[in-house]
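Worth knowing before you read on, the calculation uses all heavy atoms, side chains too, and leaves out hydrogens, waters and symmetry mates. In what follows, every chain begins at residue 1, and chains take the letters A, B, ... in the order their sequences are listed.
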Protein chains: 2
Amino acid sequence: MLAQLSLRDCPHVESVSACGQCSARAISVCGALNEAGLDRLAAIAETLTLPADATLAYEGDPADHLFNITSGVVRVSKLLPDGRRQIVGFLFAGDFLGMAAGEVYPFSAEAVEPVTVCRFKRSAYRTLLAEVPSLEAALLDRASHDLQAAQEHMLLLGRKSASERLASFLLDVAARGEGGVRKGGEFSLPMSRSEIGDYLGLTIETVSRTLTKLKSAGVITLPTARSARVEDPERLRRLAGGREA
Amino acid sequence: MLAQLSLRDCPHVESVSACGQCSARAISVCGALNEAGLDRLAAIAETLTLPADATLAYEGDPADHLFNITSGVVRVSKLLPDGRRQIVGFLFAGDFLGMAAGEVYPFSAEAVEPVTVCRFKRSAYRTLLAEVPSLEAALLDRASHDLQAAQEHMLLLGRKSASERLASFLLDVAARGEGGVRKGGEFSLPMSRSEIGDYLGLTIETVSRTLTKLKSAGVITLPTARSARVEDPERLRRLAGGREA
DNA sequence: CGAAATTTTGAACCGTTTCAACGGACGTGG
DNA sequence: CCACGTCCGTTGAAACGGTTCAAAATTTCG
């Protein structure tokens, strides 16, 4: 959803899986790179496999690297001095991390579940960027897309009720799964209640209670604590109060 | 602060005022355009002068134009079907509007006070972008910067108390004024309490009460309802609970 | 199977909102 | 020049949604 760039809704998505060992090819971003560029990119990339809760980037550290998520889910978060946390986005396979960083990372990024990522040296990436102008156009597009997502999330955080937040969130996650949002569509919630709460600006108790309420209302079911099923897509959309409501 | 790109903290800021009639030159963005590019840009630009509350862009309308604010303040907002509003950012002289839009504007943009803007046709802008690769690099930088600001604001909306929100907001606005944040520094608040509330995710009453509380605490004074003075920068920063606290 | 972690549920509490009224600034018109 | 109406900001009191604190239920994992 956000912090950076996403390949997810790119018409050339197959490029994500096109690369076996590492997702260097993924950063070609919808064909912005030719073969030579791709090879150069692969040369500066390395694949990492990380366990749950591993840190990819720590808020305030020098932003030396740039990541592309190959599999798993990553949380991007910011902390207040007293420990309050706001998760500004979840990253899924195909998403980029670290584009928006300056000298230091303005956020932390950690694995929600075991992940594999493709890591690039920022310095090398900059050089490549300068050499391949078409890459920038693609990245600018994605940055704009992420900014839009961020604005949508500000609307959620600033103005929506707990039920509306959960409905919006479930819709987002469901839309990501295969088949999108449809009656009976089941999808996994890889993140904990605490992570959902910190993403939606709520406490774990409110998240739990609100999910229970949605379930009681027949809008969703919760096969397990870490998965959900949409039972009434129309009502869920109306509850979310979003885009087309 | 946000929706799009800003020239404000650009090392070449003088380029903003360098252009008399219209701010076409401003979009040169820190020297990304040569003279020829500048002329091409000026050709597709027009200057508009608008009264307070005039609409620059309406959420859902085709995103035909792109703006550069020459003077005044613009609010960028999103609405929920029932009328609840979230202002996702204020734009000041030098800021860009509309970069992050796709086919349609994902937000509305209105003048907070009388403004002058420089308007570009989006189609012509796209052509220019394709022809001048260096422009994209500069715009990508700014988009990243805006994304960071958006993430900071999500932290505010999701996790900060009313006092912390107001303190953060005052610090932001004060930092924009000449001299930045310093004891005795006075600055104007061109936006209404309602606009501040919709930006901070609060009601006008809470904004008013909280400002009064900050005043009583000796942290700020309010020379008029639309201006403020920082009396205790250190305490204000601590209250904001931000970056270095 | 048992310990630890996560999720759910309950009850009291609290910060912010809501509803209501008042005060002051501004602009229009008498 | 002052009376009047409107808009905006402030203040007060009550209500409410979500938080906090506490504990039980469930799941996870060694």
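A pairwise comparison of heavy atoms in A:Tyr199 and A:Gln86 identifies O-NE2, 3.1 Å as the closest pair. Closest approach of B:Leu157 to A:Gly158, counting heavy atoms only: CD2-CA, 4.1 Å. Heavy-atom minimum distance, A:Lys183 versus A:Glu231: NZ-O, 3.2 Å. Contact record, A:Pro62 with A:Tyr105: O-CE1, 3.4 Å, taken as the closest heavy-atom pair.
Judged purely by distance below 3.5 Å, without hydrogens or angles, the side chains of B:Ser163 and B:Thr210 never pair a donor atom with an acceptor atom.
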Output a table of nitrogen or oxygen pairs between the protein and nucleotides 8-14 of chain D separated by less than 3.5 Å.
residue : atom : partner  : partner atom : Å
D:dG9   : OP1  : B:Arg226 : NE           : 2.9
D:dG9   : OP1  : B:Arg226 : NH2          : 3.2
D:dG9   : OP2  : B:Arg193 : N            : 3.2
D:dT10  : OP1  : B:Arg193 : NH2          : 3.4
D:dT10  : OP2  : B:Arg193 : NE           : 2.8
D:dT10  : OP2  : B:Ser208 : OG           : 2.9
D:dT10  : O5'  : B:Ser208 : OG           : 3.1
D:dT11  : OP2  : B:Thr212 : OG1          : 2.9
D:dG12  : N7   : B:Arg209 : NH1          : 2.9
D:dG12  : O6   : B:Arg209 : NH2          : 3.3
D:dA13  : N6   : B:Arg209 : NH2          : 3.4

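In this structure, CZ on B:Arg119 lies 12.5 Å from OG1 on B:Thr70, to the nearest 0.5 angstrom.
If you walk DNA chain C from 5' to 3' and mark each nucleotide with an atom closer than 4.0 Å to a heavy atom of chain A, the marks span C:dT6 to C:dA11.
Atom CZ in A:Arg165 sits about 13 Å away from atom C1' in D:dT19, given to the nearest Å.
A:Arg226 places a side-chain N or O within 3.5 Å of a backbone atom of A:Pro190 that can act as its donor or acceptor partner.
Backbone-only engagement by B:Gly201 is indicated by non-hydrogen atom pairs under 4.0 Å involving sugar-phosphate atoms exclusively.
Residues satisfying the side chain to side chain contact (heavy atoms under 4.5 Å, CB included) criterion with B:Val219, sequence neighbours excluded, are B:Ala217, B:Arg235, B:Leu236, B:Leu239.
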